[in-house]
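Below is one structure, written out as structure tokens; comments come after it.
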There are 2 protein chains.
Amino acid sequence: MTSSSELENAALQAAKFERVREAHKTEVAEDYVELIDDLINVNGEARVVELAERMGVSHATVNKIVGRLQREGLVISRPYRSIFLTDEGREMAVEARRRHEIVVKFLKAAGVSPETAEIDAEGIEHHVSDETLDCLSALTGKIEI
Amino acid sequence: MTSSSELENAALQAAKFERVREAHKTEVAEDYVELIDDLINVNGEARVVELAERMGVSHATVNKIVGRLQREGLVISRPYRSIFLTDEGREMAVEARRRHEIVVKFLKAAGVSPETAEIDAEGIEHHVSDETLDCLSALTGKIEI
DNA sequence: CTGAATTTGTAGCCGTGGCTACATTTCTTG
DNA sequence: CAAGAAATGTAGCCACGGCTACAAATTCAG
């Protein structure tokens with residue numbers, strides 16, 4: 001379809017890009033809820049400073065994003081207190097981690113170095129459909145055998 | 001590393017997210033130059049209307065982005081004329097298409113339906129390192145045999 | 001308990017990529 | 001060739017996710 005001799009249907013192509021743009025909107029949310037969940041599990045709480053440090057952004061940016069997450073019902077935060085996940089946020093975190101781990105496992109099984117696998121997975125995980133995820137899982141099993 | 005019992009080094013984690021943010025910046029450029037190259041190859045020229053239709057955005061958005069691509073030296077465009085790629089833009093287009101095709105081929109080989117493979121590849125291709133790309137190529141060969 | 005350090009919040013700026021609405025130019029067609 | 005259609009440009013709006021700088025609250029030491 002994307003060969004140089006012919007172009008696919010414009011509407012179909014537009015739908016793909018639309019899909020990617022849509023995924024972008026949820027990417028940040030997924031990364032944050034996953035990290036918040038990790039911090040709660042390990043440290044007992046999730047605080048702005050550590051989110052900022054681990055995301056590699058300023059605390060002001062974290063604040064702004066946490067505000068959005070709260071508006072969207074993923075997170076509960078009160079001024080100067082630590083951050084909690086709503087049920088919906090926790091579900092998203094679990095799902096995000098599941099995807100992340102499937103992608104990482106597959107990449108490692110495919111022969112990618114652990115470091116690169118982690119890096120690439122971070123970018124890939126948000127763009128993998130359930131169908132593809134299933135195929136990657138299956139493939140990981142086959143490779144390992 | 002991302003298991004629930006321990007957290008990896010904060011700086012390393014931040015570097016990953018930084019990498020993803022960096023990739024985001026070039027994503028749009030890659031998608032546009034690839035599409036422009038396709039249109040030139042098939043239609044003989046790339047025009048704003050068709051870019052807009054195929055990207056699924058308004059022509060105003062296309063205009064703005066083409067302006068940025070020109071500032072960045074990827075594209076040449078004169079008012080009311082069609083759009084051309086610079087050498088640098090063409091290189092980027094070729095490289096983007098190469099990545100795209102490797103990812104699509106791999107996904108199909110992995111058992112993903114052609115439609116889903118195309119959709120997911122659009123999101124994935126920008127986040128795959130050279131190392132991973134090589135592994136995917138190799139794996140595609142093995143699966144097909 | 002008070003003062004300093006830390007954490008958190010807020011204001012205001014920027015670039016990007018969306019959009020609509022309107023202006024202008026080019027193309028097409030009668 | 002002129003008029004209408006189509007394409008392109010431009011202005012101005014928005015939300016997002018960056019940032020710095022400054023303000024306020026909380027925590028921690030002494």
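Chain A is the first sequence line, chain B the second, and so forth, proteins listed ahead of strands; every chain is numbered from 1. Any value given below was found using the heavy atoms of this structure, including those in side chains, with hydrogens, waters and symmetry copies removed.
Checking C:dG18, D:dT10, C:dG9 against every side-chain atom of A:H59, the shortest atom distance belongs to C:dG9. Side chain of A:I65, nearest nucleotide from D:dG18, D:dA7, C:dG17: D:dG18. Comparing atom distances between the B:T61 side chain and each of C:dG9, C:dC19, C:dT7 picks out C:dC19 as nearest.
A salt bridge (Lys or Arg N to Asp or Glu O under 4.0 Å) check over residues 69-79 of chain A, counting only residues at least two apart or in different chains, returns the pairs A:R68-A:E72. Here ring pair (Phe, Tyr, Trp, His ring centres under 6.0 Å) pairs that include residues 23-55 of chain B, with residues two or more places apart or in two chains, are A:H24-B:H24, B:H24-B:H127.
Remark: P of C:dG17 and CD of A:E22 are 17 Å apart, rounded to the nearest angstrom. As rounded to whole Å, 18 Å separates atom C1' of C:dT16 from atom CD of B:Q70. A:E45 places its CD atom 8 Å from the P atom of C:dT8, with the value rounded to the nearest Å. In this structure, A:F17 places its CZ atom 14 Å from P of C:dG17, rounding to the nearest Å. Distance NZ (A:K25) to P (C:dG17): 14 Å, rounded to an integer number of Å. Here D:dA15 presents its P atom at 21 Å from NE2 of B:H24, a figure rounded to the nearest Å. Between A:R54 atom CZ and C:dT7 atom P there is a gap of 14 Å when expressed in whole angstrom units. Distance OH (A:Y32) to C1' (D:dG18): 10 Å, rounded to an integer number of Å.
The phosphate of C:dT8 has neither OP1 nor OP2 within less than 4.0 Å of any side-chain N or O from A:N63. A close approach under 4.0 Å does not occur between any side-chain nitrogen or oxygen of B:R68 and OP1 or OP2 of C:dG15. Contact annotation: A:S58 side-chain N/O to D:dG18 OP1/OP2 distance is not under 4.0 Å.
The salt bridge (charged side-chain N to carboxylate O under 4.0 Å, His left out) check on B:E45 picks up B:R47, with sequence neighbours excluded. Considering only residues two or more places apart in sequence or on other chains, B:R21 meets the side-chain hydrogen bond (donor to acceptor under 3.5 Å, both in side chains) condition with B:E18.
B:T140 and B:S137 share no donor-acceptor pair across their side chains, judged by distance under 3.5 Å alone. Inspection of the A:E30 and A:H126 side chains reveals an N or O donor paired with an N or O acceptor under 3.5 Å.
Nearest-nucleotide mapping onto DNA chain C: of B:V57 and A:V48, the residue sitting toward the 5' end is A:V48. The residue among B:E50 and A:R71 whose nearest nucleotide of DNA chain D lies closer to the 5′ end is B:E50.
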Pick out the pairs of N or O atoms, protein on one side and nucleotides 11-14 of chain C on the other, that lie under 3.5 Å.
none

Using nucleotides 26-29 of chain C, report all nitrogen or oxygen pairs with the protein that are shorter than 3.5 Å.
none

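We find that A:D38 and A:R54 are not joined by a salt bridge, their nearest charged nitrogen and carboxylate oxygen being 4.0 Å or further apart.
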Begin with the C-alpha distance, continue with both residues' side-chain angles, and end with the deciding distance and a verdict on side chain to side chain contact (heavy atoms under 4.5 Å, CB included) for A:I65 and A:L51. CA-CA 11 Å; A:I65 290 172; A:L51 281 174; over 6 Å; no
After noting the C-alpha distance and the side-chain angles of A:E118 and B:K16, does the key distance pass the salt bridge (Lys or Arg N to Asp or Glu O under 4.0 Å) rule? CA-CA 8 Å; A:E118 281 288 346; B:K16 290 180 203 166; 3.4 Å; yes
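The hydrophobic cluster containing B:V112 does not contain A:L12, counting ILVMFWY residues as joined when their side-chain heavy atoms lie under 4.5 angstrom apart, directly or transitively.
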